[in-house]
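Just so it is clear, the structure is predicted and the values come from calculations on it, not from any experiment. Residue indices begin at 1 and follow the sequence shown.
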Amino acid sequence: QQLAGDSFDYRWIDDDHLIVYLLDVSGHGISPALLSVSVHNLLRSGTFDSEALLTPDAVLTELNRLFQMDRHDGHYFTIWYGIYQASTRTLSYASAGAPPAFAFDAGVDGSVSVTDLSTLATPIGMFADTEFSSGSYVVPPGCRILIYSDGAHEITLADGRQFSVHDFRGLNRQLAESSNWSLEALLCELQALTPAGAFEDDCSLIELTFD
């Protein structure tokens with residue numbers, strides 16, 4: 001409905017490493033969309049060599065140096081950035097102002113445990129001296145990981161209540177414990193919660209499924 005500031009990517013940068021990220025620029029319209037594309041192109045262009053891309057907190061530090069909001073029409077952006085190493089089944093990640101990614105691990109009894117994947121930092125561009133940190137998660141077989149923009153959960157329900165990250169987490173856990181879990185099913189559930197059947201903000205979703 002409007003020009004958005006979300007962008008995302010996932011790709012193998014070599015035989016052992018998968019890069020995945022989702023960023024959300026503040027505001028709507030041409031300026032946020034162009035900034036989002038600029039960051040996306042930078043991460044795709046080879047400006048960062050493969051070795052540099054493997055360190056999530058270093059990538060966020062460099063993005064923060066390059067994209068201070070006072071040089072980009074006052075826009076900042078949130079980002080969740082991860083590197084999966086297939087040989088060790090380890091996902092290294094860092095985030096800046098983004099909601100936590102969720103890792104869903106199904107037990108033999110059908111129950112599902114949920115692990116939040118997040119690191120604390122202000123959005124990219126707000127402060128030049130922000131320090132970023134990385135986390136890691138050993139991915140179990142059969143795990144699914146959901147990465148999303150805040151527009152997926154920042155919706156107003158029919159009773160006027162605001163849907164929260166906690167509510168969103170619970171809904172996804174319920175879906176993960178059913179046979180009906182897919183991004184399409186999640187979108188239908190979320191849209192059914194809203195009076196107009198539509199999202200108020202940009203909504204982007206990435207699901208990673210691991211053997």
Side-chain angles (χ1 to χ4, degrees), residues 1-12 18-26 28 32-33 36 40 77-84 89 91 93-119 123 135 137-211:
Q1 295 178 333
Q2 300 183 67
L3 195 57
D6 287 8
S7 63
F8 59 85
D9 197 10
Y10 48 88
R11 58 189 170 91
W12 292 95
L18 175 76
I19 181 176
V20 56
Y21 62 83
L22 191 156
L23 67 97
D24 180 4
V25 178
S26 60
H28 297 90
S36 186
H40 177 77
F77 62 90
T78 64
I79 186 170
W80 193 99
Y81 179 96
I83 290 288
Y84 175 67
R89 300 191 65 91
L91 177 68
Y93 59 88
S95 57
F102 296 139
F104 300 91
D105 181 21
V108 294
D109 61 352
S111 64
V112 174
S113 63
V114 186
T115 302
D116 291 6
L117 307 178
S118 181
T119 58
Y137 177 70
V138 178
V139 180
C143 179
R144 293 186 179 187
I145 293 177
L146 179 67
I147 306 162
Y148 56 95
S149 64
D150 57 11
H153 67 81
E154 290 184 348
I155 56 178
T156 303
L157 306 178
D159 61 3
R161 186 172 61 89
Q162 191 75 24
F163 205 58
S164 67
V165 173
H166 179 74
D167 296 328
F168 184 73
R169 187 180 191 270
L171 173 61
N172 276 281
R173 182 173 182 171
Q174 291 177 6
L175 287 172
E177 290 178 339
S178 74
S179 59
N180 191 40
W181 192 33
S182 66
L183 292 185
E184 290 78 10
L186 173 58
L187 285 171
C188 288
E189 291 283 349
L190 291 171
Q191 289 172 323
L193 292 171
T194 68
F199 293 97
E200 300 171 36
D201 196 4
D202 314 328
C203 174
S204 298
L205 304 163
I206 304 172
E207 181 189 29
L208 306 177
T209 304
F210 297 86
D211 294 333

Any idea how Phe163 and Phe168 line up, ring-wise: parallel (<30°), tilted (30 to 60°), or perpendicular (>60°)? perpendicular
So which atom in Gln162 and which in Asp167 form the shortest heavy-atom distance, rounded to 0.1 Å? O-OD2, 4.1 Å
Nearest 0.5 Å, what's the CG-CD1 distance between Asp150 and Ile155? 12.0 Å
Holding to side chain to side chain contact (heavy atoms under 4.5 Å, CB included), I want the full list of residues that pass it with Arg173, two or more places apart in sequence or in another chain. Val114, Glu177
Smallest separation among heavy atoms of Leu187 and Cys203, with atom names: CD2-SG, 4.2 Å
What distance do Leu23 atom CG and His40 atom NE2 have between them, rounded to the nearest 0.5 Å? 9.0 Å
Correct closest heavy-atom pair for Asp201 and His28 would be OD1-NE2, 3.0 Å
So which heavy atom on Trp80 is nearest to which on Leu117, and how close? NE1-O, 3.0 Å
Please check this pair: side chain of Thr209 against backbone of Arg144, looking for a donor-acceptor N/O pair closer than 3.5 Å. no
To the nearest 0.5 angstrom, please state how far the CG atom of Leu91 sits from the CD1 atom of Ile145. 5.0 Å
Mind telling me whether Phe102 and Phe104 have parallel, tilted or perpendicular rings, with 30° and 60° as the class edges? perpendicular
Roughly how far, to the nearest 0.5 Å, is CG of Asp6 from CG of Leu205? 9.5 Å
Hey, could you give me the CZ/CG distance between Arg11 and Leu18, rounded to the nearest 0.5 Å? 9.5 Å
Under 3.5 Å, is there a donor on one side chain and an acceptor on the other for Ser149 and Asp24? no
What orientation do His153 and Tyr148 show, parallel under 30°, tilted 30 to 60°, or perpendicular over 60°? perpendicular
Going by heavy atoms in the side chains, are Leu208 and Ile147 under 4.5 Å from each other? yes
With rounding to the nearest 0.5 Å, note down the distance linking CG in Leu193 to OG1 in Thr156. 11.5 Å
For Gly5 and Asp202 the tightest heavy-atom approach is N-OD2, 3.4 Å
If you draw a 6.0 Å radius around CG in Asp211, do more than 12 non-hydrogen atoms from other residues or ligands fall strictly inside? no
Partner of Tyr84 by side-chain contact (heavy atoms from CB on, under 4.5 Å), out of Val20, Ile19, Val139: Val139
Minimum heavy-atom distance Ile206-Phe8, with the two atoms named: CD1-CB, 3.6 Å
Between Thr119 and Tyr93, is any pair of side-chain heavy atoms under 4.5 Å apart? yes
side-chain contact (heavy atoms from CB on, under 4.5 Å) assessment of Arg169 paired with Asp116: CA-CA 9 Å; Arg169 187 180 191 270; Asp116 291 6; 2.9 Å; yes
